[in-house]
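Right, one structure below, let's go through it.
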There are 2 protein chains.
Amino acid sequence: MYKMKLTEAKQQFINSWGAFGTQWGINRTMAQIYALLLVSPDPITQEDVMEQLSISRGNVNMNIRELIGWGIVERVIISGERKEHFVADKDIWKASTQIIKERKKRELDPMLKMLAQLEDVEGDKKDRHVKQFTEVIKDIRKMGASAEKVLDMMTGIEGNFFTDALIKMFK
Amino acid sequence: MYKMKLTEAKQQFINSWGAFGTQWGINRTMAQIYALLLVSPDPITQEDVMEQLSISRGNVNMNIRELIGWGIVERVIISGERKEHFVADKDIWKASTQIIKERKKRELDPMLKMLAQLEDVEGDKKDRHVKQFTEVIKDIRKMGASAEKVLDMMTGIEGNFFTDALIKMFK
DNA sequence: TTGCACTTTCAATGAATATTGAAAAGAAAT
DNA sequence: ATTTCTTTTCAATATTCATTGAAAGTGCAA
């Protein structure tokens, strides 16, 4: 069976990761930078990223900043070095948790807020259209609230027997 | 407290839903059409969608087709009517399940395949770079495999006490 | 078998998003 | 306080992605 060289495999990983990222509504470059940081054993500089991914200074800067905002990449000071270095936390479980938390905060919570405002509308409760509308909004809210609970549990906002069982089963 | 008129609320819902969709890597229009179908008590035609969302015939056609491909919208025959009509399944739990299944199939499975191919690379196992790479790939695979299991359970591919408990807790 | 009602396709266009790079700002070192 | 190295910003540009609409396709019905 064919074995790739490391550089080839890295490139493959970075490219695929970028492609999957876009499917999830994540900037391709941001995903690629994250992938690069994941497979880099030591902290690297913006310059390194520029070279290895052939992208511009500004682009690297903005996306690294974004990754830091997501809480999955850190700035690192290396004594004696002038340039900033960056690392990705290599604990994948922790990173996933962090990403889930972040997406929940940025997307699920605002959605539930929006739905709350549409809770009840003017007009005849017997009207098919009114009925259908309120029904759907209510159901989506329920679904969203459940999702929220599950995610909070999974990301350890509350720790309990259920979470523990779940983690033991799947980690 | 202010109550919206139905049409206003519908519009609000459709627009917001479209915006949230894009964040999830889903075509804005597709998300909007789905929202419209959700709040419509009866099956509607492509023409109806065109008018209500002010979008072109081709756009409606392609996106409805896509929604059908996701298994959350159905073509409906209304006897006496020439035009095709469409409905969204109003069971939100079922729809969510269906979307999760579909995304898993389209995204998670291919990702795991990709990772499998990068499992082992040429070169010295003691090299920091080789080590880090194989380590990360292995960890992501593990994480992905766990996610796969959880999702399969949640979407009822296997039914067991755990799923039942989960469903009872959150549905 | 021709016309009609409707659906589908897809090249052209438009809109949204990402990327560049040069200029400004910031931060050590001399 | 000036030079030098580094980071950040952002208007201009390039790229990607979504939308249009006219033409081709389908199939029913007279």
Side-chain angles (χ1 to χ4, degrees), chain A residues 14-37 43-70 73-87 103 106-107, chain B residues 14-37 43-70 73-87 103 106-107:
Chain A
I14 290 167
N15 288 340
S16 305
W17 200 255
F20 285 117
T22 54
Q23 287 195 292
W24 279 89
I26 289 159
N27 179 301
R28 171 184 269 98
T29 304
M30 184 171 137
Q32 288 181 334
I33 295 177
Y34 182 57
L36 173 60
L37 287 168
I44 61 180
T45 66
Q46 295 195 173
E47 209 101 24
D48 295 331
V49 177
M50 285 171 65
E51 284 166 18
Q52 298 207 42
L53 303 183
S54 316
I55 55 183
S56 74
R57 185 176 302 286
N59 200 4
V60 171
N61 187 276
M62 290 175 88
N63 282 297
I64 286 189
R65 220 131 303 289
E66 188 72 14
L67 285 166
I68 291 173
W70 278 71
V73 165
E74 283 196 351
R75 187 190 309 249
V76 163
I77 304 298
I78 300 210
S79 58
E81 297 260 12
R82 185 84 175 267
K83 288 185 184 172
E84 291 176 335
H85 288 63
F86 301 90
V87 250
R103 287 201 90 144
R106 297 180 188 202
E107 294 154 24
Chain B
I14 290 168
N15 288 339
S16 305
W17 200 253
F20 285 117
T22 55
Q23 287 195 294
W24 281 89
I26 288 157
N27 180 301
R28 170 184 269 96
T29 306
M30 184 171 138
Q32 288 181 334
I33 295 177
Y34 182 58
L36 173 60
L37 287 168
I44 61 180
T45 66
Q46 294 195 173
E47 209 96 13
D48 294 331
V49 177
M50 284 171 65
E51 284 166 18
Q52 298 208 43
L53 302 183
S54 317
I55 54 182
S56 73
R57 183 175 303 287
N59 201 2
V60 171
N61 187 276
M62 289 175 89
N63 281 299
I64 287 190
R65 219 130 305 288
E66 188 71 14
L67 284 166
I68 292 173
W70 278 70
V73 165
E74 283 196 348
R75 187 190 310 251
V76 162
I77 304 297
I78 300 210
S79 57
E81 295 260 13
R82 186 81 174 272
K83 287 183 184 173
E84 292 177 333
H85 288 62
F86 301 90
V87 249
R103 287 200 90 146
R106 297 179 189 203
E107 292 154 24

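Throughout, a chain's letter reflects where its sequence line sits, starting with A, and its residues are numbered from 1. In this text, all values refer to a predicted model and were calculated from it rather than measured experimentally.
- The two residues A31(B) and G18(B) come nearest to each other via the heavy atoms CB-CA, 3.9 Å.
- Listed for the D48(B) side chain is a donor-acceptor partner under 3.5 Å among the backbone atoms of T45(B).
- Residue R57(A) is in base contact, counting any heavy-atom pair closer than 4.0 Å across all strands shown.
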Please list each protein N or O that sits under 3.5 Å from an N or O in nucleotides 26-28 of chain D, with the distance.
unit_1	atom_1	unit_2	atom_2	d
dG27(D)	N2	R82(B)	NH2	3.2

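- The side chain of R65(B) lies closest to dT8(C), out of dT8(D), dT8(C), dA18(C).
- For the pair N61(B) and dT7(C), the criterion of a side-chain N or O lying under 4.0 Å from OP1 or OP2 is not met.
- Rounded to the nearest 0.5 Å, atoms OG1 (T22(A)) and CZ (R28(A)) are 5.0 Å apart.
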Before giving the answer on side chain to side chain contact (heavy atoms under 4.5 Å, CB included), spell out for K83(A) and Q46(A) the whole-Å C-alpha distance, their side-chain angles and the decisive distance to 0.1 Å.
CA-CA 8 Å; K83(A) 288 185 184 172; Q46(A) 295 195 173; over 6 Å; no
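- Considering CZ of R65(B) and CG of N63(B), their distance stands at 10.5 Å, rounded to 0.5 Å.
- To the nearest 0.5 Å, the span separating OG1 on T29(A) from CG on L53(A) amounts to 8.0 Å.
- Toward the 5' end of DNA chain D, the nearer of the two residues G58(A) and K83(A), judged by each one's closest nucleotide, is K83(A).
- Contacts of E47(A) with the nucleic acid, taken as non-hydrogen atoms under 4.0 Å apart, are absent.
- Considering only side-chain atoms of S56(A), the nucleotide from dT7(D), dT19(C), dA18(D) that sits closest is dT19(C).
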